[in-house]
Each structure stands twice: as structure tokens, then as C-alpha cells.
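One structure is given below, encoded as C-alpha cells.
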Amino acid sequence: MKITDAKVFVGGPAKNYVTLKIETDQGICGLGDATLNNRETLPAAYLKDYLIPNLIGMDPRNSEDIWQFFYRGAYFRRGPIAMAAFGAIDMALWDIKGKLANMPLYQLFGGKSREGALVYAHATGADLEDLMDSISWYVEQGYKAIRVQCGIPGMPKAGYAVPEKKGDVKNYITDYTGIRPKVEIWDTSRYMRYMPKALTQVRERFGPELKILHDVHHRLTPREAAEFAKAVEPVDLFWLEDPTPADDQDALKFLRHHSTVPVAIGEVFNSIWDCNKLIENELIDFIRVAVTYAGGITHVKRIVDLAALHHVRTGFHGAPSHSPLSMAAQAHLNAWAPNFGIQEYLVLGTPECDALFPSEHRLENGLFYVSDAPGLGVAFDENEAARYSYKPGSHPVVRLEDGTLWNY
Ligand code: CS2
Ligand code: MG
């Protein structure tokens, strides 16, 4: 069996999805996602200029050897751009493998460990009242777990993942258009004083059963993070996410010695070498990598297995920048993983997105049910894809009130 061709498509409704389609001499094709939010053209170029010319003629069934060929062959290892490009190839090769076996991918991993996989949604508000309305809406939709963020009184511009206008809770996350970033102003003291009180009120309003998550988005120092974790302990969070900048694997030691709050980290990691110490030293409870830019199924499965040895559960990244293809790859891992924790899931299900990526995967009552179709179980409509083109975007940049640059 041989790979005969591969194409890359960039574009989509709201997000610039980078979709790889690999064709074979047996008429079976495989699909993968290389979307790297706000840097989409780079993994696309890596695929087109370096990887695809080598891929043609290879046997698509040898997904492990192909992964090693590209990873070792690059010489300069890791990095989100390369790992997103390798990841898309890997996903597409697993898709082909599943189609050849006529089995959904979770069967090739070891079958189902559960039916529905728990997901969490994002509630947000310009202020606490706005946030409460947003949470109520998700609770009514049947969500059992919700990430909560809200504006901080006195903070000069909206904080992380918070709308600037009250009631604008659906639009905050796609508002990154244009090549020049918008600037957010951050004030750690105001956040540290206000957010524990806000989270306490959310717990009081919604009772003990709701799983509440909160994302600090890398903004605290290790000492501040420990203080914050202690302050929110009575809230009984499902997790506290990215309390410290994720590039320092030692930063969580201090927090861990001072608090029992469950910690989640890893959405910016792109290899096992970014999180092996965190996992082996049991400094975290949830690992947040994404199949999209952590080298695909082959590499992420390795991380999941390491995590299982150390009581660390999965909580894969699922921001809207992941196309339905990588969300499907994660759904298959979620159905199988003995150490599954939760899946971040923002409803992508606009009619445009469903038309571009038809599938039978479904969300019901806060649980995600994986499709039984062979492979990833997602199709790709090239005619629909022709409607979209690349639109540049950027993440906000964060400064302190005195102008000092901070972490987004
Ligand atoms: C966030 C992300 O989903 C999350 O937890 O931290 O939305 C993050 O800001 C984006 O993925 C950045 O591209
Ligand atoms: Mg996050």
C-alpha cells in the first residue's frame, strides 16, 4: 500500500482550520488537523514544503516509523509548528488504519472504557451577574462541568476570556481578528482579591454537584499561585488551570506543597519532554495536551500512558481552534483511556462547520458520544472548503498597568 498524494487546505468558518488529506493507491484517504491558532500558515507550509514530498510513496500503515522518520529527521526537535505538522500526518494515518480495519479508532486503542465522556463548557461574564446567567444557560443545556471566568472590578480592560460588554458571552473567544493584537491590561492584586470571592458565590449559587473549573492562563508567579490555590480550596474546584507560566516545570512545586487544589496544565505543551517531570513528580492532576500540536495520536497516547502511571488524568485542550478532526481523535482517546478525566468542548456545531466536516459524533447532556464509523469518523467536504480562505488573527497581548509586558 502506498501514499499517492496529500493536500493541505487552510480556512473554515470562524477559524482557519488546517486540514490535511492523504490519498492512497487503494482509494482510502485519511484526514488530519494541523491547526495552530493564529499561526496557521506555518504548519501548512511545513507540510507542503518538507513533509508531503517525502510522504509520497510511503506505506501509510507504518504510522510509527513515519512519525519517527519525521521527528528524528527534522534534527531540530519539538516545537508547536513541527509537532502540529507531524500530528496531522499521524492523525490521517490512524484514520486510514481504522478505515482499513473497518473499525472506529477507539477499538484499535483497546476498546471503550466508558460510553459518554464528560465535557466542560466555558461560561463567562463581563461581571459576576453576567457570569451567573451564562452558567445557568449551560446548566439548563445539561452540562455537568463548566469553566468559569469573569471580569474583575477595577481591571482597566477585560481579563482573560472575558467579554468587554455585558451579555456578549458567546463572542469573546473569536474576537482575535487582524494581525495586530489587542492589548489587555492585567492587575494581579485585584484578581487575587476578587476571584476567590466570585468563585465562592458561584459555588453557593449552583450547589455542590456542579463541577467548577477556572483558568488562570499562566498569570501568577509560583508564590502567588500557591496563595490563590489556598484561597480557593473551600470552593472545591474540579481543577485550577495554568496557575503559573507553563514553560517552567518546577513552578508548581511551591503550590503543591501548600494546597490540595487539583491542578491542570499543558495546553501549550507539544511533547512528552515538556511534561515528563510534572507527571513523574506528581505535581499535576490533569494533563491538557492536544493531539493537534503535541505530535498526533502516536505521541499523545505515549503521554497518556505515562500519566496513568502517576495518577494523572487527561483533560485535553479543546478550544475552538481545534477542528472536528482533532476533536474526534481526542474523542476516540477519551473513549479508551483508563485515566480519562474530562474533555474541554466548545460547541463547534454551526451548520457551516457541520457541512465542512460531516460526522455522527454527538454531544448529549454534557457527555460526548464517539461515532462508530471507521477511523476518525469525520468526513471533509472539499466543495465547502473552497468557500473559505485564510484570515490572519492574533492572540491578545497583556501588559501590567505600568506597561510591563505580561503573559496572555
Ligand atoms: C484556553 C485557550 O481553552 C483554554 O483553556 O486557555 O482558549 C487558549 O487561550 C487558546 O487556545 C489560545 O489559542
Ligand atoms: Mg486554558
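The figures here come from the full heavy-atom set of this structure, side chains too, leaving out hydrogens, waters and symmetry mates. Both ligands and their constituent atoms are indexed starting at 1 by order of listing. This one's a predicted model, so the numbers in the text were calculated from it and none came from an experiment.
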Q: Please lay out, stage by stage, how Y388 and F9 fare under the test ring pair (Phe, Tyr, Trp, His ring centres under 6.0 Å).
A: CA-CA 9 Å; Y388 303 106; F9 303 82; over 10 Å; no

Q) Can you list the ligand 1 atoms lying under 4.0 Å from a non-hydrogen atom of D215? A) 1 (C), 4 (C), 5 (O), 6 (O)

Q. Ligand 1 and S321, any nitrogen or oxygen pair closer than 3.5 angstrom?
A. no

(Q) Checking one value in my table: which N/O/S atom of E267 lies closest to the Mg ion (ligand 2)? (A) OE1

Q. Looking only at distance, does R288 have an N or O less than 3.5 Å from an N or O of ligand 1?
A. yes

Q | Numbered atoms and elements of ligand 1 in range of A319, under 4.0 angstrom, heavy atoms | A | 3 (O), 7 (O), 11 (O)

Q | Flag for W186-T188: side-chain donor and acceptor within less than 3.5 Å | A | yes

Q | Options K15, H322, H317, E344, ranked by nearest heavy atom to atom 2 (C) of ligand 1, top entry | A | H317

**Q.** Which atom of D215 approaches the Mg ion (ligand 2) most closely (N/O/S)
**A.** OD2

Q) the Mg ion (ligand 2) to D242: any N/O/S contact under 2.8 Å? A) no

Q: Identify, by atom number and element, the atoms of ligand 1 in contact range of H395, meaning under 4.0 Å from any of its heavy atoms.
A: 12 (C), 13 (O)

Q) Going by the angle between their ring planes, with limits at 30° and 60°, are H214 and Y191 parallel, tilted or perpendicular? A) parallel

Q | Y293-D33 side chain donor-acceptor pair, cut-off 3.5 Å | A | no

**Q.** the Mg ion (ligand 2) to E241: nearest N/O/S atom name
**A.** OE2

Q.
Distance alone, cut at 3.5 Å: any donor-acceptor contact between the side chains of K97 and S63?
A. yes

Q) Does W239 use its side chain to pair, donor to acceptor, with the backbone of D285 at less than 3.5 Å? A) no

Q | Pair Q330-H317, side-chain donor/acceptor within less than 3.5 Å | A | no

